[in-house]
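Down below is the structure, laid out as structure tokens.
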Amino acid sequence: MESPGHVPVLKEEAVQLLLGDPRGTYVDATLGSGGHAAAILGALGVEGRLVGLDCDPAAVTRARAAVPVPEPRFVARRARFSGMRAALQDLGVGPVDGILADLGLSSLQLDDPARGFSFQAPGPLDMRLDPSLPRSAETLLRSIEDEELTRILRDLGEVPRPRAAVRAIRKALSSGTPLTGEALRDALDPLFRGPARPRRLSQIFQALRIAVNDELSELQALLHESASLLRPGGTLCVIAYHSLEDRIVKNAFRPPRPSDPNEPLTPTPWIPITKKPVRPSEEEVRRNPRARSAKLRAARRKEGFA
Ligand SMILES: C[S@@+](CC[C@H](N)C(=O)[O-])C[C@H]1O[C@@H](n2cnc3c(N)ncnc32)[C@H](O)[C@@H]1O
């Protein structure tokens with residue numbers, strides 16, 4: 001079911017951690033171009049089942065079309081992480097054995113100029129992974145105050161000198177024409193020199209994308225919902241691509257460590273099964289440079305956790 005354009009990251013490692021029982025029911029919460037889904041289906045037995053979800057309807061359509069023959073083990077639906085419970089209920093799917101989330105965006109979304117994710121493309125600055133979201137990146141930029149934009153750049157992109165970037169963005173917005181990725185890049189270019197330039201631009205584009213798609217709240221929803229959607233002993237695997245996401249996953253999976261020994265421990269539903277995050281090999285990064293920042297963490301849902 002693999003379609004060209006996006007190379008799945010840490011594919012073997014993720015499937016191996018995820019798949020305890022080949023007769024079980026699994027969820028790929030981020031279908032993308034179906035690379036991980038195809039690998040999961042390849043490892044599932046005839047009684048196994050895979051529900052593929054994605055907030056981008058194009059990913060769902062592509063996954064359905066890519067199934068070469070009738071595949072009764074697979075069903076695809078459009079859903080955000082925060083709508084995962086409703087989607088599974090709708091399908092009549094009960095507790096599941098494993099959930100995989102490969103966060104962020106696919107190469108197909110990044111490389112599509114009409115989606116506005118890249119500063120190398122001339123498309124409109126849209127950046128919505130789910131096109132039904134109310135605000136594109138340009139609408140967001142036009143509707144928020146400078147203080148809020150400064151906070152987004154600083155907290156979600158770790159952008160140095162965020163106020164200078166805000167001034168450059170405001171100037172680009174005042175040009176009277178719709179804002180494109182290229183126009184935003186050209187406005188920001190004079191702020192950055194030398195080899196750090198592409199990284200600085202990426203940090204700004206990343207911050208805007210995270211804000212437009214509410215990605216950190218969505219990740220919290222994924223962690224929260226998965227704890228009750230998994231059966232006891234079921235596995236959640238998350239592949240993160242930047243430190244903000246990875247920190248949230250790491251903290252959610254970590255056993256509580258109270259600073260005050262008299263404080264009661266907050267119960268956690270997770271038993272981590274990756275002590276350290278699984279990273280791609282040098283060979284994988286050489287073949288697929290977009291894998292370089294990936295960190296895969298997995299945890300098992302505790303028995304008896306209500
Ligand atoms: C890195 S890609 C997944 C690639 C996929 N694993 C593959 O092998 O082709 C991430 C996908 O997650 C989707 N996505 C991101 N945030 C989401 C959310 N909150 N809810 C549902 N899907 C989301 C994006 O639309 C994108 O298709």
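Along the sequence shown, residues carry numbers from 1. Every value quoted in this text rests on a predicted model; they were computed, and no experiment measured them. Each ligand, and each atom within it, is numbered from 1 in the order the structure gives.
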Do [X] side-chain atoms and [Y] backbone N/O form a donor-acceptor pair below 3.5 Å?
X    : Y    : answer
Q109 : S106 : yes
D97  : G234 : no
R301 : L230 : yes
E47  : G24  : no

Next item on the list: Begin with the C-alpha distance, continue with both residues' side-chain angles, and end with the deciding distance and a verdict on salt bridge (Lys or Arg N to Asp or Glu O under 4.0 Å) for R154 and E158.
Entry: CA-CA 5 Å; R154 191 190 54 226; E158 294 164 331; over 6 Å; no
Checklist line | Y26 vs L18 side-chain heavy atoms within contact, under 4.5 Å | finding: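 Yes; the side chains approach each other to less than 4.5 Å.
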Notebook entry, point to check: Quick one: are F253 and I273 in side-chain contact, heavy atoms under 4.5 Å?
Noted result: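 Side chain of F253 against side chain of I273, heavy atoms only: no contact under 4.5 Å found.
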In ligand 1, which numbered atoms sit nearer than 4.0 Å to a non-hydrogen atom of [X]?
X    : answer
S106 : 2 (S)
L31  : 5 (C), 7 (C), 9 (O)
D56  : 25 (O)
G35  : 7 (C), 8 (O), 9 (O)
R80  : 20 (N), 21 (C)
L105 : 1 (C), 2 (S)

Item checked: Result of checking L125, L129, D126 against F117 for side chain to side chain contact (heavy atoms under 4.5 Å, CB included) ->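 Running side chain to side chain contact (heavy atoms under 4.5 Å, CB included) over L125, L129, D126 with F117 returns exactly one hit, L129.
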Please work out, at 4.0 Å between heavy atoms, whether the side chain, the backbone, both, or neither of [X] comes within that distance of ligand 1.
X    : answer
T30  : both
L222 : neither
E218 : side chain
Q109 : side chain
D28  : neither

[X]-ligand 1 polar pair, N/O distance under 3.5 Å:
X   : result
H36 : yes
G34 : yes
A59 : no

Item checked: Chi angles and distances behind the salt bridge (Lys or Arg N to Asp or Glu O under 4.0 Å) call for E284, R287 -> CA-CA 5 Å; E284 177 168 359; R287 275 187 284 114; 5.4 Å; no
Take every heavy atom of [X], measure it against each atom of ligand 1, and state whether any distance is under 4.0 Å.
X    : answer
L103 : yes
E215 : no
A79  : yes
A29  : yes

Nearest protein heavy-atom contact for [atom]: which residue, which atom, what distance?
atom                    : value
atom 15 (C) of ligand 1 : G104 O, 3.3 Å
atom 16 (N) of ligand 1 : L129 CD1, 3.8 Å
atom 23 (C) of ligand 1 : C55 SG, 3.4 Å
atom 20 (N) of ligand 1 : F81 N, 3.1 Å
atom 9 (O) of ligand 1  : S33 N, 2.9 Å

Next item on the list: Any chance you could lay out the salt bridge (Lys or Arg N to Asp or Glu O under 4.0 Å) test for D246 and R297, step after step, and finish with the verdict?
Entry: CA-CA 8 Å; D246 183 56; R297 294 183 191 267; 2.7 Å; yes
Salt bridge or not between [X] and [Y]? Use side-chain N to carboxylate O under 4.0 Å.
X    : Y    : result
R163 : E147 : yes
R78  : D130 : yes
D111 : R290 : yes

Next item on the list: Just go through L219, V60, I239, D54 and tell me whose heavy atom is the nearest to atom 24 (C) of ligand 1.
Entry: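 Looking at heavy atoms only, the winner is D54.
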Checklist line | The one among L53, L10, D102 that brings a heavy atom closest to atom 10 (C) of ligand 1 | finding: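 Among L53, L10, D102, the closest heavy atom to atom 10 (C) of ligand 1 comes from D102.
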Note to self: For R80 versus N213, what's the shortest heavy-atom pair and its separation?
What the structure shows: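 That would be NH2-O, 2.8 Å.
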Check: How far apart are the C-alpha atoms of D146 and R170, what are their side-chain angles, what is the distance that settles it, and do they pass the salt bridge (Lys or Arg N to Asp or Glu O under 4.0 Å) test?
Finding: CA-CA 9 Å; D146 284 1; R170 289 289 174 232; 2.6 Å; yes
